[in-house]
Engineer: 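Mind having a look at this structure? Questions to follow.
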Amino acid sequence: MPEPVAILVAVEQEERPALAESCAGGVDRVLEQSVHDARMNGVIAVGANHPPSTYDIAELGHGASLRHHGSMDPQPETHGQSGRAHEREFVRMWDELEPIGRDRSTGGYHRYAWSDADLLLREWFAGEAAARGLELTDDGNGNQLAWPADAELAGRGDAVLVGSHLDSVPDGGAYDGPLGVVSAFAALDLLAERGVRLDRPVVVAGFSDEEGSRFGIACAGSRLMTGSLAPDAALGMRDRDGLSLAEVLSARGRDLAAVRARPDILDRVSAFVELHVEQGRGLADMDAAVGVASAIWPHGRFRLDFTGEANHAGTTLMQDRRDPMLAFAAAVLAADEHAREAGARATFGRVEVLPGGTNAIPSSVRAWLDARAPDEASLVALVEAITLQARGMSRRDGTGLDVTPESVSAAVSFDTALRDAAAALLGGAPVLPTGAGHDAGVLSQHGVPTVMLFVRNPTGVSHSPYEHADPDDCLAGVRALADVLAHLAAA
Ligand code: GLV
Ligand code: MN
Ligand code: MN
């Protein structure tokens with residue numbers, strides 16, 4: 001007899017009967033429960049006598065599959081245009097992406113660079129480009145670019161890039177990245193429906209390996225393209241199985257010599273627009289469906305290698321140990337303490353312990369610190385304070401600590417003229433900063449005038465299967481993106 005389990009799902013009021021119906025037969029109780037956290041507007045606890053994997057949690061109340069309950073049905077365009085093709089296309093594209101790289105037990109996505117899921121996503125992108133008569137190119141770094149087939153238009157040298165990425169963090173949400181790519185294609189469809197003539201080439205971009213989930217470096221594709229990541233350094237990056245990017249690319253039949261900066265492409269780009277699900281509650285708190293990014297906090301990933309001596313957990317006296325876990329623990333507590341004090345963010349989300357025995361003192365602990373702060377001086381001070389506290393503990397214990405910055409991103413301020421024009425075009429949309437990194441930040445640092453649009457995320461949860469945006473807000477995002485593209489690319 002399987003253990004009873006409780007599954008918590010947040011659902012809108014009108015979804016509840018559908019949820020109860022879809023649960024009937026599979027669960028023994030459906031309890032409605034109010035929660036104090038105002039972010040959740042309704043929570044239903046489902047007491048089930050089946051293991052959680054029996055249910056597709058995302059299907060019960062989150063993510064793309066809300067359409068099963070009817071709420072992904074697109075609403076009519078509110079601009080007075082008759083066509084709804086872009087809305088149908090949006091839903092179709094979303095449906096097609098939904099199963100790719102999805103873990104059905106959690107509802108989360110595992111879409112890592114050059115994995116089988118990533119190759120399927122690349123094929124999907126190529127299909128969408130072909131369906132719109134666009135000319136697909138690859139910049140050699142794995143970034144996919146879909147150009148207008150009209151050679152005269154494509155060759156003008158003032159292209160407007162629009163897009164995002166399709167890869168994910170481990171067990172990530174459906175929206176981070178794909179929303180920007182799907183919306184880019186749907187915005188092109190909407191511009192066609194509106195009969196807008198584009199005088200500049202609009203190029204849909206799918207950037208490679210934005211999350212850096214496999215090889216550790218965030219925004220590897222856009223960094224390679226802009227030259228801020230050297231090809232040799234990139235090709236030498238290793239994944240958790242010890243495979244280098246060079247080995248992985250070779251196994252996928254890619255040309256290693258093609259991995260390089262592409263100023264020739266970037267010189268033909270006059271602007272980049274990235275739409276992204278918001279990864280906080282800023283827009284929800286302001287009651288706005290769409291907003292415009294002002295800035296990205298400086299942030300970085302730092303690898304901390306703590307070394308000590310493996311020994312017996314039962315026989316080694318506490319004072320005789322060289323246990324690297326303690327300096328790591330000091331670092332975790334310091335990260336929390338100093339980030340709170342500084343109004344910054346610090347996270348240890350990944351740790352590897354060797355040899356990994358319950359009854360053995362570890363010989364080494366390797367952990368990754370993700371640190372972000374409102375300004376660069378605060379970021380440096382934060383990482384120093386965490387390191388200092390950890391070193392204090394490692395001195396006491398006679399253990400070692402090495403800190404290696406793996407990918408550090410400076411503060412980004414997006415092009416103010418573009419930002420203000422976009423906010424005005426969108427009827428005075430809110431302008432807000434973010435602590436999340438994006439390819440838009442990399443291109444902006446490289447000097448490409450860049451604008452980012454955010455789509456409301458009702459709970460603010462991101463990098464999680466519970467990441468969400470309401471269908472109406474997604475379509476509002478598509479309309480906003482089309483408005484901005486028309487402003488940038490139409491006569
Ligand atoms: C990207 O999503 C990041 O900010 O980690
Ligand atoms: Mn992300
Ligand atoms: Mn993203």
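We count ligands from 1, going down the list as the structure has it; atoms in each ligand are counted the same way.
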Engineer: Are a donor atom and an acceptor atom from the side chains of R223 and S409 found within less than 3.5 Å of each other?
Structural biologist: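 Side chains of R223 and S409: pair found under 3.5 Å.
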Engineer: Relative to the ring of H110, is the ring of Y112 parallel (under 30°), tilted (30 to 60°) or perpendicular (over 60°)?
Structural biologist: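 Rings of Y112 and H110: perpendicular, as their planes differ by over 60°.
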Engineer: Run the numbers for me: atoms of ligand 1, each under 4.0 Å from some heavy atom of A436, listed by number.
Structural biologist: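 Those qualifying, in numeric order: 4 (O).
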Engineer: Go through ligand 1 atom by atom and flag the ones less than 4.0 Å from a non-hydrogen atom of E211.
Structural biologist: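 Result: 1 (C), 2 (O).
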Engineer: Are a donor atom and an acceptor atom from the side chains of H276 and D176 found within less than 3.5 Å of each other?
Structural biologist: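 Indeed, the side chains of H276 and D176 share at least one donor-acceptor pair under 3.5 Å.
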Engineer: Judged by non-hydrogen atoms, does H463 sit under 4.0 Å from ligand 1?
Structural biologist: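 Right, H463 reaches ligand 1.
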Engineer: List the closest protein heavy-atom neighbour of atom 5 (O) of ligand 1: residue, atom name, distance to the nearest 0.1 Å.
Structural biologist: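 Looking only at protein heavy atoms, the one closest to atom 5 (O) of ligand 1 is R372 NH2, 2.8 Å.
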Engineer: Short N/O distance, under 3.5 Å, between G435 and ligand 1?
Structural biologist: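 In this structure, G435 places no N or O atom under 3.5 Å from an N or O of ligand 1.
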Engineer: Before accepting this row, confirm whether a basic side-chain N of the pair R240/E352 lies closer than 4.0 Å to the acidic partner's carboxylate O.
Structural biologist: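 A salt bridge is absent here (no side-chain N lies under 4.0 Å from a carboxylate O).
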Engineer: Distance below 2.8 Å from the Mn ion (ligand 3): how many protein N/O/S atoms qualify?
Structural biologist: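 My tally for this metal is 3.
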Engineer: Are a donor atom and an acceptor atom from the side chains of D171 and H463 found within less than 3.5 Å of each other?
Structural biologist: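 Side-chain D/A pair, D171 to H463: absent.
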Engineer: Distance check, rounded to the nearest 0.5 Å: D439 atom CG versus M225 atom CE?
Structural biologist: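 Answer rounded to 0.5 Å: 10.0 Å.
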Engineer: What I want to find out is whether R122 reaches D118 closely enough, with some N-O distance under 4.0 Å, to be called a salt bridge.
Structural biologist: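 Looking at D118 together with R122, the answer is yes, because their closest N to O distance falls below 4.0 Å.
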Engineer: In plain terms, say whether D167 and R214 are close enough for a salt bridge, that is, a side-chain N and a carboxylate O under 4.0 Å apart.
Structural biologist: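 Answer for the salt bridge query: no.
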